[in-house]
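No hydrogens, no waters, no symmetry mates; every other heavy atom, side chains included, goes into these values. Note on naming: letters A, B, ... go to the chains in the order of the sequence lines (proteins, then strands), and numbering restarts at 1 for each one. Just so it is clear, the structure is predicted and the values come from calculations on it, not from any experiment.
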2 protein chains.
Amino acid sequence: MTTPAPMEQFRAYLSREGLRYTRQRRAIVEAFFGSGEHLPLAEIHALARTREPSIGFATVYRTMKLLVRSGLAVEQRFDEGQSRYEPVTERGHHDHLICVRCGRIVEFEDGVIEARQEAIAARHGFRMFSHRHEIYGECLEGCPEPSSER
Amino acid sequence: MTTPAPMEQFRAYLSREGLRYTRQRRAIVEAFFGSGEHLPLAEIHALARTREPSIGFATVYRTMKLLVRSGLAVEQRFDEGQSRYEPVTERGHHDHLICVRCGRIVEFEDGVIEARQEAIAARHGFRMFSHRHEIYGECLEGCPEPSSER
DNA sequence: CTCGTTGCAAACCTTTTGCAAGGAG
DNA sequence: CTCCTTGCAAAAGGTTTGCAACGAG
């Protein structure tokens, strides 16, 4: 259940930049787009290794940076040590609700909040570039105990 | 221009917990409450050293953790490597607007956003514990070039 | 063939921890 | 006196970088 489109975009980005489409990059990008979202780098590494066992984590870091630069992924830094990466889809921008117990991550989007942010920035003489908005709590219904996702 | 009240609260917290009020803790806490807000730990360390030159950074980390546990400070982790600490005042909760050019940090508070967050959490079956909301942009009027605060 | 890429290990940075010496109560 | 605290240095994470060997085009 791989998603073909982003792969093509990545190949296009690479050749446009004079960069190479290597076995490793293919393995990493396929693993990334073929799996769940909000993946920590370590998990992307593990997934990519099932395709190309010799991949080192430095290569994963480097490739994820390329994906971010190409606009196909965004880096997330929640309240934990590691970075997570999320594919950029046609859905566009959204923020996150995070269960501090089981680690579940739910996306949300709210036009009213977005609009007020702009107003707040303007009122303080700022031009807004981006924002991050995370709501931490616990999911009440069927919150499984702490998962490996955390 | 030191603020006396939080110092007393900290002493009370320490004795309540059977902990000790040492020269180092006094220097750190005075430096912290007597200065600007949103201080990175390295800066608190430098300030405390002007009073007690032998203070090591491990002591600053340990003391700031006590301040957070006692409810007198909150730890902030913006999009940078280090943590910053902010005194908890009677003003209560607020979020931040951050200039990515000069590092200026402005606080804001918006009841509408707060209310919508609660609604969003509830709609997704979450009980909200906390949130973080940062708006990144650039301040238009008199934005000094990159400061050491960054 | 060229020159970008990889894997490894070392370097980095911030934060944490172990421990013997120091000091508050 | 007791036991909490300190300073130092080492350990811990997570991320980045230098470099010789590798390999895509």
Side-chain angles (χ1 to χ4, degrees), chain A residues 7 10-31 38-46 48-70 73-85 148-150, chain B residues 7 10-29 31 38-46 48-49 51-70 73-85 148-150:
Chain A
M7 298 293 305
F10 187 52
R11 295 196 64 156
Y13 170 79
L14 291 177
S15 74
R16 194 187 320 139
E17 299 286 320
L19 304 176
R20 288 165 192 173
Y21 187 61
T22 63
R23 273 182 294 125
Q24 291 88 335
R25 286 183 180 160
R26 179 159 54 74
I28 293 166
V29 175
E30 283 181 358
H38 315 295
L39 293 177
L41 186 124
E43 217 160 304
I44 299 172
H45 183 209
R49 262 177 187 280
T50 66
R51 299 156 196 255
E52 280 289 330
S54 71
I55 291 180
F57 58 96
T59 300
V60 183
Y61 275 109
R62 292 188 271 230
T63 301
M64 294 314 295
K65 259 183 204 344
L66 286 180
L67 277 176
V68 170
R69 273 185 223 127
S70 72
V74 290
E75 188 179 346
Q76 309 278 4
R77 299 180 82 91
F78 300 142
D79 277 348
E80 33 174 20
Q82 61 196 346
S83 305
R84 289 173 184 267
Y85 293 86
S148 59
E149 280 287 317
R150 242 259 110 167
Chain B
M7 298 293 304
F10 186 54
R11 296 195 63 155
Y13 170 80
L14 290 176
S15 75
R16 195 187 319 140
E17 298 286 321
L19 304 177
R20 287 162 193 177
Y21 187 61
T22 62
R23 273 182 295 123
Q24 292 87 336
R25 286 181 181 163
R26 179 160 53 75
I28 293 166
V29 175
H38 314 295
L39 293 177
L41 186 125
E43 216 161 305
I44 299 171
H45 182 210
R49 262 177 186 281
R51 300 157 196 255
E52 281 289 329
S54 71
I55 291 180
F57 59 96
T59 300
V60 182
Y61 275 109
R62 292 188 272 232
T63 301
M64 294 316 294
K65 259 185 203 342
L66 287 179
L67 277 177
V68 170
R69 273 186 223 127
S70 72
V74 289
E75 188 178 347
Q76 310 278 3
R77 300 180 80 91
F78 299 142
D79 277 347
E80 33 171 22
Q82 62 197 343
S83 305
R84 289 173 184 267
Y85 292 87
S148 60
E149 279 286 319
R150 243 254 109 167

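Note on the helix from C:dC1-D:dG25 to C:dG25-D:dC1: terminal axis deviation equals 30°, with five pairs used at each end and the result rounded to 10°.
When the side-chain contact (heavy atoms from CB on, under 4.5 Å) test is applied to B:Phe78, the partners found at least two apart in sequence or on another chain are B:Gln76, B:Glu80, B:Arg84, B:His96, B:Ile98, B:Ile105, B:Glu134, B:Tyr136. Shown here are the side chain to side chain donor-acceptor pair (under 3.5 Å) partners of B:Ser70, two or more places apart in sequence or in another chain: there are none. A search for salt bridge (Lys or Arg N to Asp or Glu O under 4.0 Å) contacts involving A:Arg69 returns nothing, not counting sequence neighbours. The salt bridge (Lys or Arg N to Asp or Glu O under 4.0 Å) search around B:Arg77 returns B:Glu75, not counting sequence neighbours. With sequence neighbours excluded, no residue forms a side chain to side chain donor-acceptor pair (under 3.5 Å) with A:Thr59.
Looking at B:His45, its side chain never comes within 3.5 Å of a backbone N or O of B:Tyr61 through a donor-acceptor pair.
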When the side chains of residues 15-28 of chain B are checked against the rest of the protein, which donor-acceptor pairs come out under 3.5 Å, sequence neighbours left out?
{"from": "B:Ser15", "atom 1": "OG", "to": "B:Ala12", "atom 2": "O", "distance (Å)": "3.3"}
{"from": "B:Thr22", "atom 1": "OG1", "to": "B:Arg25", "atom 2": "N", "distance (Å)": "3.1"}
{"from": "B:Arg23", "atom 1": "NH1", "to": "B:Glu52", "atom 2": "OE1", "distance (Å)": "2.8"}
{"from": "B:Arg25", "atom 1": "NH1", "to": "B:Arg20", "atom 2": "O", "distance (Å)": "2.8"}

## Note on the structure
Under a 4.0 Å heavy-atom criterion, the protein footprint on nucleotides 11-16 of chain C, written with B, S and -, is ---SBB

### Task
If a protein heavy atom is under 4.0 Å from the base, mark B; if only from the sugar-phosphate, S; if neither, -; do that for nucleotides 20-25 of chain C going 5' to 3'.
---BBS

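Base engagement by A:Arg62 is indicated by at least one non-hydrogen atom pair under 4.0 Å involving a base atom.
Contact footprint of chain A on DNA chain D: nucleotides with an atom under 4.0 Å from a non-hydrogen protein atom, first to last in 5' to 3' order, D:dG14 to D:dG25.
Interatomic distance, A:Tyr85 OH to A:Leu67 CG, rounded to the nearest 0.5 Å: 9.5 Å.
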